[in-house]
Amino acid sequence: MRFISLTVGNFLIFHGYDENNAEIIEEVKVEQPAEKVVALDRILSATEKYVLVTGPAGRQMYWEYEGGLASLKQKLAQAGLMI
């Protein structure tokens with residue numbers, strides 16, 4: 001299994017849908033960003049501001065991360081993971 005280090009802050013957790021088929025999203029605010037080591041197979045996609053990852057019980061989370069998309073792509077390329 002391969003890993004990447006990311007500094008992440010606030011995040012959104014997708015819990016599913018309610019009885020009206022509206023998304024149930026929990027917004028989590030953190031005091032300060034923290035560095036995490038994340039398994040690459042948990043990452044589903046990334047934008048300039050967010051990285052979408054899988055979590056426990058099949059949940060998906062949008063983490064705000066530092067450095068931006070260019071930096072993330074560079075880390076992945078250095079690990080031989082970008083085409």
Legend entry - Cationic tip of Lys36 above Trp63 ring, under 6.0 Å, 45° of axis: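 So Lys36 does make the cation-pi contact.
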Answer yes or no: is there a side-chain heavy-atom contact under 4.5 Å between [X] and [Y]?
X: Arg42; Y: Met61; answer: yes
X: Leu12; Y: Val28; answer: no
X: Lys75; Y: Lys73; answer: no
X: Ile4; Y: Val37; answer: no
X: Thr54; Y: Arg59; answer: no

Inset, instruction - Kindly determine whether Leu52 and Gln60 satisfy side chain to side chain contact (heavy atoms under 4.5 Å, CB included), including the steps that lead there. - result: CA-CA 7 Å; Leu52 175 61; Gln60 295 178 346; 3.9 Å; yes
Determine, using the 4.5 Å side-chain heavy-atom cutoff (strictly less than), whether [X] and [Y] are members of one ILVMFWY cluster.
X: Val53; Y: Phe3; value: no
X: Leu69; Y: Val38; value: yes
X: Leu44; Y: Ile13; value: no

Inset, instruction - Determine the minimum heavy-atom distance between Lys29 and Asn10, stating which atoms define it. - result: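 Heavy-atom minimum between the residues: CA-OD1, 3.2 Å.
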Legend entry - Donor-acceptor contact present, side-chain Asp18 to main-chain Asn20, <3.5 Å: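 Such a contact is found between Asp18 side chain and Asn20 backbone.
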Inset, instruction - Return yes if some donor-acceptor pair links the side-chain N/O of Arg2 with the main-chain N/O of Ala79 below 3.5 Å, else return no. - result: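 Yes: the side chain of Arg2 pairs with the backbone of Ala79.
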Inset, instruction - May I ask you to check whether Phe11 and Phe14 place their ring centers less than 6.0 Å from one another? - result: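 No - the distance between ring centres of Phe11 and Phe14 does not fall below the 6.0 Å cut-off.
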Inset, instruction - Determine, stepwise, if the pair Leu72 / Tyr65 fulfils side chain to side chain contact (heavy atoms under 4.5 Å, CB included). - result: CA-CA 10 Å; Leu72 178 58; Tyr65 72 102; 3.9 Å; yes
Nearest 0.5 Å, please: how far is [atom2] in [Y] from [atom1] in [X]?
X: Thr7; Y: Glu64; atom1: OG1; atom2: CD; value: 13.0 Å
X: Asp41; Y: Met1; atom1: CG; atom2: CE; value: 5.0 Å
X: Leu81; Y: Ile43; atom1: CG; atom2: CD1; value: 9.5 Å

